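Below: the structure, in structure tokens.
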Amino acid sequence: MTRAVCPGSFDPVTHGHLDVIARTARVVDDVVVAVGTNISKNSLFSPDERVEMLTEECAQWSNVQVTLFGGLLVDFCAARGIDIISKGLRAADLSYELQMAQMNRQLTGVDTMFLPTAPQWAFVSSSLVREVATLGGDVTAFLPAKIAARTTAKVASRNASAALDV
Ligand code: PNS
């Protein structure tokens, strides 16, 4: 039985992420979607909110489960019996993703499988979605409907509290 992890911040989960999760679920027996914290990014949603949203979106696949993770990804893989890290790859990600894949393999031997991002989502990233939403743009094309609604609401409530603080 082959078990893969799809790790990420998923802040919020996009159509591009879900495409990679679906394709991974077709080629391995079992998929763990692991919601981590990228220490170099400011988050919009809390980790628990991200898990909740992903759990709802991934309910359509019987071999996919969603969980939080902390610490090193390679330690999470070892503890959960995960054989492979599965990641979507956009052209802009190549050098950083390659470096992480090589570091992870050096640390414990766990390998990474890259799936080229579907062309229609190649320009979509959670960071850009957060930026567009924060500045009042329409993000409905890039996210599942419920996630888009939650993103718009979260940004509105954050902007309202920021206005009160001024
Ligand atoms: O969606 P992101 O922000 O690209 O996800 C990045 C994430 C959380 C998968 C990455 O930062 C990660 O693996 N963090 C865990 C800490 C770790 O293992 N760091 C060493 C990487 S070589």
Side-chain angles (χ1 to χ4, degrees), residues 1-41 43-130 139 141-148 150-151:
M1 173 155 134
T2 309
R3 174 176 281 186
V5 63
C6 291
S9 313
F10 304 106
D11 185 37
V13 60
T14 67
H15 284 311
H17 292 131
L18 292 170
D19 175 64
V20 169
I21 294 167
R23 286 157 66 198
T24 304
R26 283 202 287 274
V27 297
V28 302
D29 300 302
D30 204 15
V31 180
V32 179
V33 177
V35 178
T37 301
N38 187 328
I39 52 176
S40 61
K41 294 180 183 169
S43 58
L44 178 63
F45 290 101
S46 71
D48 285 344
E49 286 174 315
R50 287 180 258 149
V51 167
E52 182 189 305
M53 291 188 284
L54 269 160
T55 301
E56 204 175 324
E57 295 300 328
C58 293
Q60 58 189 303
W61 302 296
S62 59
N63 61 338
V64 176
Q65 53 175 294
V66 181
T67 188
L68 273 178
F69 89 100
L72 282 177
L73 181 60
V74 292
D75 290 340
F76 177 82
C77 291
R80 296 287 193 115
I82 288 167
D83 314 290
I84 196 125
I85 299 167
S86 176
K87 289 209 154 181
L89 191 67
R90 294 166 299 203
D93 303 327
L94 181 62
S95 83
Y96 184 54
E97 289 294 346
L98 191 60
Q99 193 181 6
M100 279 201 291
Q102 289 166 332
M103 175 60 84
N104 285 332
R105 185 151 185 254
Q106 181 67 33
L107 288 171
T108 60
V110 68
D111 226 329
T112 299
M113 168 173 87
F114 289 123
L115 298 175
T117 306
Q120 68 267 40
W121 309 125
F123 62 95
V124 176
S125 69
S126 297
S127 317
L128 274 184
V129 164
R130 288 197 302 277
V139 292
F142 319 123
L143 310 173
K146 283 185 183 167
I147 309 290
R150 282 186 71 157
T151 300

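Keep in mind that this is a model prediction, so the values were computed, not measured.
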Roughly how far apart are Asp30 CG and Ile82 CD1, rounded to 0.5 Å? 8.5 Å
Does any part of the side chain of Phe45, heavy atoms only, come nearer than 4.5 Å to the side chain of Thr151, both counted from C-beta? yes
Any side-chain heavy atom of Val66 within less than 4.5 Å of one from Val35? yes
For Asp75, what residues pass the salt bridge (charged side-chain N to carboxylate O under 4.0 Å, His left out) criterion, not counting sequence neighbours? none
Arg105/Asp111 salt bridge by N-O under 4.0 Å criterion: yes
Is the backbone of Val110 close enough, under 3.5 Å, to the side chain of Asn104 for a donor and an acceptor to pair up by distance? no
Which value, rounded to the nearest 0.5 Å, describes the distance between Phe142 atom CZ and Ser126 atom OG? 12.0 Å
Taking atom OG1 of Thr24 and atom CG of Asp19, what is their separation to the nearest 0.5 Å? 9.0 Å
Please check this pair: side chain of Arg3 against backbone of Gly81, looking for a donor-acceptor N/O pair closer than 3.5 Å. no
Checking Phe114 against Asp93 for the side chain to side chain contact (heavy atoms under 4.5 Å, CB included) test, could you report, in this order, the C-alpha distance in whole Å, the side-chain angles of both residues, the deciding distance, and whether it holds? CA-CA 11 Å; Phe114 289 123; Asp93 303 327; over 6 Å; no
Any side-chain to backbone donor/acceptor pair from Arg50 onto Val13? Under 3.5 Å, distance only. no
Any Glu49 side-chain heavy atom under 4.5 Å of Arg150 side chain: yes
Side chain to side chain, Arg80 and Phe69, heavy atoms closer than 4.5 Å: no
Just verifying a value: how many Å separate Glu97 CD and Gln99 CD, rounded to the nearest 0.5 Å? 10.5 Å
Taking the side chain from Arg23 and the backbone from Pro116, do they hold a donor-acceptor pair closer than 3.5 Å? yes
Taking the side chain as everything from C-beta on, heavy atoms only, tell me whether Val129 gets closer than 4.5 Å to Val124. yes
Hey, is the main chain of His17 close enough, under 3.5 Å, to the side chain of Thr14 for a donor-acceptor pair? yes
Within this structure, what is the CG-CD1 distance for the pair Leu54 and Ile147, rounded to the nearest 0.5 Å? 7.0 Å
Pairwise distance CG(Leu115) to CG(Leu89) - rounded to 0.5 angstrom: 9.0 Å
Shortest non-hydrogen contact between Phe76 and Ala34, atoms and distance: CE2-CB, 3.8 Å
When you compare the side chain of Trp61 with that of Val31, does any pair of heavy atoms fall below 4.5 Å? no
Write down the atom of Arg90, the atom of Ala122, and the distance for their closest heavy-atom approach. CD-O, 3.3 Å
Smallest heavy-atom separation, Val20 atom then Lys87 atom, equals CG1-C, 4.1 Å
Please report the shortest heavy-atom distance between Val28 and Ala4, naming the atom on each side. CG2-CB, 3.9 Å
Would you mind reporting whether Met113 and Val27 have side-chain heavy atoms less than 4.5 Å apart? yes
Do any N or O atoms from the side chain of Thr2 and from the backbone of Asp29 form a donor-acceptor pair under 3.5 angstrom? no
Within-4.5 Å side-chain heavy-atom neighbours: Cys58 and Ile21: yes
